[in-house]
Amino acid sequence: MIVSQNSKDVIKIFQNIKDIPISTNLDDGNLNIFMCPINARKFDYNQISLVLVDSVIDYAISKKNITKY
């Protein structure tokens, strides 16, 4: 599966606050806890919306149409 750059950029706006191991087996990986950006003591939904719009467009429109336009 190919992940678009817009989708990768979405995670960059969230702050990684903690990585928690799932088990003692290192191959099981970690649970990553992220926090929404905060501006003036409130969640910054505007920043999230701006980044998510491009990602949703990439998901909703076929690759054929994206390359066409």
Side-chain angles (χ1 to χ4, degrees):
M1 182 173 135
I2 298 172
V3 178
S4 73
Q5 187 59 43
N6 291 328
S7 294
K8 292 177 184 176
D9 290 343
V10 170
I11 198 69
K12 292 178 184 176
I13 64 171
F14 294 95
Q15 179 183 0
N16 186 348
I17 57 174
K18 192 162 187 173
D19 296 330
I20 302 169
I22 294 174
S23 73
T24 56
N25 183 358
L26 297 177
D27 292 333
D28 287 343
N30 294 323
L31 174 67
N32 300 316
I33 309 291
F34 290 90
M35 181 175 68
C36 292
I38 297 175
N39 185 9
R41 300 180 73 181
K42 294 184 178 181
F43 290 124
D44 192 357
Y45 293 112
N46 291 333
Q47 182 182 1
I48 296 169
S49 297
L50 290 173
V51 176
L52 281 176
V53 162
D54 293 330
S55 184
V56 169
I57 290 170
D58 285 347
Y59 179 77
I61 299 175
S62 69
K63 292 185 190 297
K64 180 180 176 184
N65 286 333
I66 289 173
T67 56
K68 183 178 177 181
Y69 297 104

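Contacts of Pro37 classified as side-chain contact (heavy atoms from CB on, under 4.5 Å), with partners at least two apart in sequence or in another chain: Phe14, Asp44, Gln47, Ile48. In this structure Asn16 satisfies the side-chain hydrogen bond (donor to acceptor under 3.5 Å, both in side chains) test together with Asp19, sequence neighbours excluded.
Both Met35 and Ile33 sit in one connected hydrophobic cluster of ILVMFWY residues. Membership requires side-chain heavy atoms under 4.5 Å apart, directly or through other members. Hydrophobic clustering (side-chain heavy atoms under 4.5 Å, transitive across Ile, Leu, Val, Met, Phe, Trp, Tyr) keeps Ile11 apart from Val56. Ile13 and Leu50 fall into different hydrophobic clusters, where Ile, Leu, Val, Met, Phe, Trp and Tyr residues are linked whenever their side-chain heavy atoms come under 4.5 Å apart, directly or through other members. Taking hydrophobic clusters as Ile, Leu, Val, Met, Phe, Trp and Tyr residues chained together by side-chain heavy-atom distances below 4.5 Å, Val53 does not share a cluster with Tyr45.
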Step by step, work out the side chain to side chain contact (heavy atoms under 4.5 Å, CB included) result for Ile38 and Phe43.
CA-CA 4 Å; Ile38 297 175; Phe43 290 124; 4.1 Å; yes

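Here CG of Leu31 is found 12.0 Å from CG of Asp28. Values are rounded to the nearest 0.5 Å.
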